[in-house]
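Below is one structure; the comments refer to it alone.
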Amino acid sequence: MIEKKCQKILNTYHTENGSVISILQDMQEVFGYIREDAVEWFSAKLNIPASSFFGVATFYSQFYLKPRGKNIVTACCGTACHVKGSEAIINRMRADLAVAVGEDTTADGQFTLETVACVGACSIAPVVIVNKKIFGGVTPEKSSGILKDYEKNSKG
Amino acid sequence: MAGQTKTRPGTRKVSRAGKKAKATTASRSKAQSGVQAVKDLTIKVCMGTGGLAAGSQDVIDEFAAQLRVCGITADIVKKCVNKTGCRGFCAKDVLVEITLDGETAVYQLVTPDKVSRIVQEHILGGDPVEQWLVGPEYHAFHDKQTKILLKQCGQIDPEDINAYIEIGGYEGVKKALSQTPFEVIEEVKSSGLRGRGGAGFPTGLKWEFCSMSSEAVRYIICNADEGDPGAFMDRAIIEGNPHSVLEGMIIGGYAIGAKEGYIYIRAEYPLAVGRLEIAIEQAKKRGFLGKNVLRSGYDFEIRIKQGAGAFVCGEASALMRSIEGKRGMPRAKLWRSAVKGLWDKPTVLNNVETFANIPLIILNGAEWYRGFGTERSTGTKVFALTGKMKNTGLIEVPMGMTLREMIFDIGGGMTGKNTLKAVQTGGPSGGCIPARHLDLPVDFDSLASVGSMMGSGSMVVVDQTTCMVDLAKFFITFTQHESCGKCVPCRIGTKRMLETLTRITEGRGREDDIDLLIELGNDIKNASLCGLGQSAPNPILSTIEFFREEYEAHIKYGRCPANVCKSLRQYLISPEACKMCGKCSRVCPSGAIKWEPRHTAELDKTKCVKCGACYDACPFNAIM
């Protein structure tokens with residue numbers, strides 16, 4: 001099962017140099033996170049030590065070693081968002097979703113709450129992104145509303 | 001397949017819009033006769049990231065649907081309804097520009113439900129809907145700018161190479177290819193163009209170093225890893241006019257003798273990545289890229305590499321390691337990238353905006369380019385103007401304009417009643433410039449003279465409600481997190497700075513903390529390996545220099561003048577406002593809030609750790 005998907009990724013890249021990052025990006029796209037067994041499969045195929053893959057995966061913030069929630073909520077913490085109150089929004093969303101301290105995914109696996117340094121949409125700060133849809137000019141009240149809409153959708 | 005998915009939502013919209021149209025049957029006959037006039041119609045909808053977030057996709061779909069209802073055929077609709085990149089004035093998105101028989105009108109804050117009236121009254125009736133047109137601030141915002149790079153962003157369809165060619169695109173490549181590489185480099189050198197990525201190194205010189213290499217294989221890289229929080233110039237240029245960047249790279253590649261180019265772009269910019277992919281594909285088909293570019297015998301390919309979320313990869317040598325598929329860690333500058341760069345081959349790395357300048361310089365000449373800006377900083381610069389101002393957005397001005405002109409004339413001044421306190425430029429590598437330096441001309445050298453830097457061009461305006469110590473802490477938290485960990489001064493130094501700032505903002509500051517921060521800051525600047533560490537202390541050192549009294553208020557009096565630092569606040573629960581929901585009690589980490597169903601919450605001040613979680617969680621503003 002994994003082999004088939006991994007082979008498909010490998011076919012895209014086998015000719016190029018320096019494809020560790022691209023392979024990991026595709027792996028995450030396919031599996032949702034960096035799977036240990038998939039890394040080992042690539043490591044054996046390409047004769048690159050698994051440690052190189054994990055070295056890269058832990059260096060870049062884009063890669064996740066744990067499965068993530070069904071809905072990805074990304075709060076921007078850029079400078080413009082920060083001075084316009086992104087921290088209060090994040091705290092509100094953490095409270096609304098009841099994400100446990102030290103975790104970023106809800107217990108039921110519905111939501112993952114994460115922060116990002118800047119999405120470059122500073123002119124409409126503060127910004128929250130849910131599943132790639134961008135919301136600008138967010139306030140704590142609005143953020144509660146946005147999450148409620150997604151909660152309804154994922155249950156219904 | 002792609003065609004099918006496109007038409008489906010369209011047809012749905014037509015039927016919905018069809019019902020609306022029935023109500024206005026009176027205008028139907030007018031509509032039919034309007035078809036003729038509509039041939040001279042262009043509708044431009046702003047579809048950058050800002051526009052899309054404001055719902056521009058729905059607006060453009062609605063325009064297409066409404067026009068089709070009026071009996072205008074699909075191919076004419078396709079021809080006259082255009083998506084464009086960012087116009088810069090994102091505060092009033094969605095912006096729609098309608099040109100009818102040579103007359104242009106711009107609408108602001110357009111939503112799908114406004115479209116029907118605009119179509120009926122303006123496009124068919126010939127009378128613009130006055131109340132929705134842009135106001136004087138739109139014109140003030142644009143009139144003071146000098147747009148050469150952003151001129152086409154917001155005018156042409158970024159996903160159509162023909163639109164770029166029509167306005168003279170790729171003429172620069174043609175001209176460059178008719179010259180020798182040496183002549184091209186000389187032109188760029190004499191234009192005085194300095195790299196727009198932050199450090200301001202002369203671009204022509206960089207190219208010259210690389211062109212003199214004895215190695216045959218060379219690379220040219222476009223740095224689109226715009227990681228500075230608060231910056232989005234590069235994103236807007238790529239989203240609005242991707243071909244100008246490709247053209248700059250082709251000319252650069254030809255000048256230094258590179259056959260391969262890379263664009264290293266953040267994965268956080270999916271729209272920009274998509275538009276670049278389309279642009280590269282189109283340029284290949286037209287023969288601007290690939291084997292034998294425009295039958296000149298020069299081969300050039302461009303590949304896109306997506307970054308994976310590491311700020312340090314904006315640093316040249318780290319970026320190259322990342323393209324090689326490794327951990328993005330900088331190396332010591334024993335040799336220049338122009339000698340040993342990507343895969344140890346001579347490499348030129350320039351920023352997006354730098355490349356976008358190149359075709360203009362080649363086409364119009366160095367003399368023309370030097371006509372903009374100051375003697376030592378030529379040309380224009382794009383800035384991302386954000387923060388507590390009225391007209392936030394993207395602006396392009398000649399180098400040397402003062403901060404005051406940018407913020408008050410173009411930006412329209414501050415929002416609300418608050419006064420300007422400082423301007424943060426250059427992101428985490430730059431510093432805070434206080435209000436009294438507002439008449440400082442903005443160029444590479446004068447910003448450096450007040451302890452800030454140009455950086456890539458982010459400009460965040462802050463008012464009295466921003467705590468400078470907290471802002472400094474925000475930046476050092478960022479750089480500390482993004483430090484790659486290779487060299488000690490940056491890895492441990494920024495950690496110690498963060499600890500010191502944290503204790504100051506929590507009211508545990510010590511008398512000598514300010515001196516400690518200054519000493520640490522200077523050591524980190526002097527001893528770090530790469531630009532990240534060397535500039536990381538800037539936000540702290542500049543806020544200490546200009547806002548020392550705020551640090552002292554935190555340390556000596558346990559008071560945050562801006563009332564931002566949570567630990568220095570006192571929390572109270574208002575029994576009148578409390579709706580007994582219990583949210584505060586659930587988020588409280590120290591069990592300081594007592595609550596039972598149908599009882600107002602009570603705060604035990606002896607247990608409170610002043611984390612502020614309850615304050616943020618309360619939906620009724622009952623916690624003060």
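Just so it is clear, the structure is predicted and the values come from calculations on it, not from any experiment. Chain A is the first sequence line, chain B the second, and so forth, proteins listed ahead of strands; every chain is numbered from 1.
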Check whether B:Val564 gets within reach of chain A through its side chain, its backbone, both or neither, counting any heavy atom under 4.5 Å. neither
Toward chain A, the part of B:Tyr269 with a non-hydrogen atom under 4.5 Å: side chain
Which atoms of A:Val127 are under 4.5 Å from chain B, going by heavy atoms: the side chain, the backbone, both sets, or neither? neither
By a 4.5 Å heavy-atom criterion (distance strictly below it), what part of B:Phe475 contacts chain A: side chain, backbone, both, or neither? side chain
Which one of A:Gln25, A:Glu87, A:Lys132, A:His82 has the most heavy-atom pairs closer than 4.5 Å to chain B? A:His82
Under 4.5 Å from any heavy atom of chain A, what part of B:Asp228 do you find: side chain, backbone, both or neither? backbone
I want to check something: taking the side chain as every heavy atom from C-beta on, are A:Tyr33 and A:Leu65 in contact at a cut-off of under 4.5 Å? no
Option in A:Ser144, A:Ala95, A:Gly55, A:Pro140 with maximal non-hydrogen atom pairs under 4.5 Å from chain B: A:Gly55
Heavy-atom contact with chain A under 4.5 Å, split by part of B:Glu226: neither
Could you tell me which portion of A:Ala88 (side chain, backbone, both or neither) has an atom closer than 4.5 angstrom to a non-hydrogen atom of chain B? both
Which of parallel (below 30°), tilted (30 to 60°) and perpendicular (above 60°) describes B:Tyr219 and B:Tyr262? tilted
Would you call the rings of A:Tyr150 and A:Phe135 parallel, tilted or perpendicular, taking 30° and 60° as the class edges? perpendicular
Pairs of heavy atoms under 4.5 Å with chain B: top-ranked of A:Ala57, A:Cys76, A:Cys77: A:Cys77
Given B:Asp234, which partner from the list B:Val352, B:Ile265, B:Asp225 fulfils the side chain to side chain contact (heavy atoms under 4.5 Å, CB included) test? B:Val352
Counting only non-hydrogen atoms closer than 4.5 Å, does B:Arg235 touch chain A with its backbone (N, CA, C, O), its side chain (CB onward), both, or neither? side chain
Structural part of B:Ala231 lying under 4.5 Å from a heavy atom of chain A: backbone
Determine the option with the most heavy-atom pairs under 4.5 angstrom with chain A, choosing from B:Gly387, B:Gly328, B:Ala617, B:Pro619. B:Gly328
salt_bridge(B:Glu324, B:Arg321) N-O dist < 4.0 Å: yes
Salt-bridge contact B:Lys583-A:Asp96 (side-chain N to carboxylate O under 4.0 Å): yes
Which of the residues A:Ile124, A:Val83, A:Thr58, A:Ile89 is involved in the greatest number of heavy-atom pairs with chain B at under 4.5 angstrom? A:Val83
Are the side chains of B:Lys388 and B:Thr465 in contact, using a 4.5 Å heavy-atom criterion? yes
Does any part of the side chain of B:Met320, heavy atoms only, come nearer than 4.5 Å to the side chain of B:Ile323, both counted from C-beta? no
Toward chain A, the part of B:Cys484 with a non-hydrogen atom under 4.5 Å: both
Is it the case that the side chains of A:Tyr64 and A:Thr112 hold a donor-acceptor pair, with the cut-off being a distance below 3.5 Å and no angle test? no
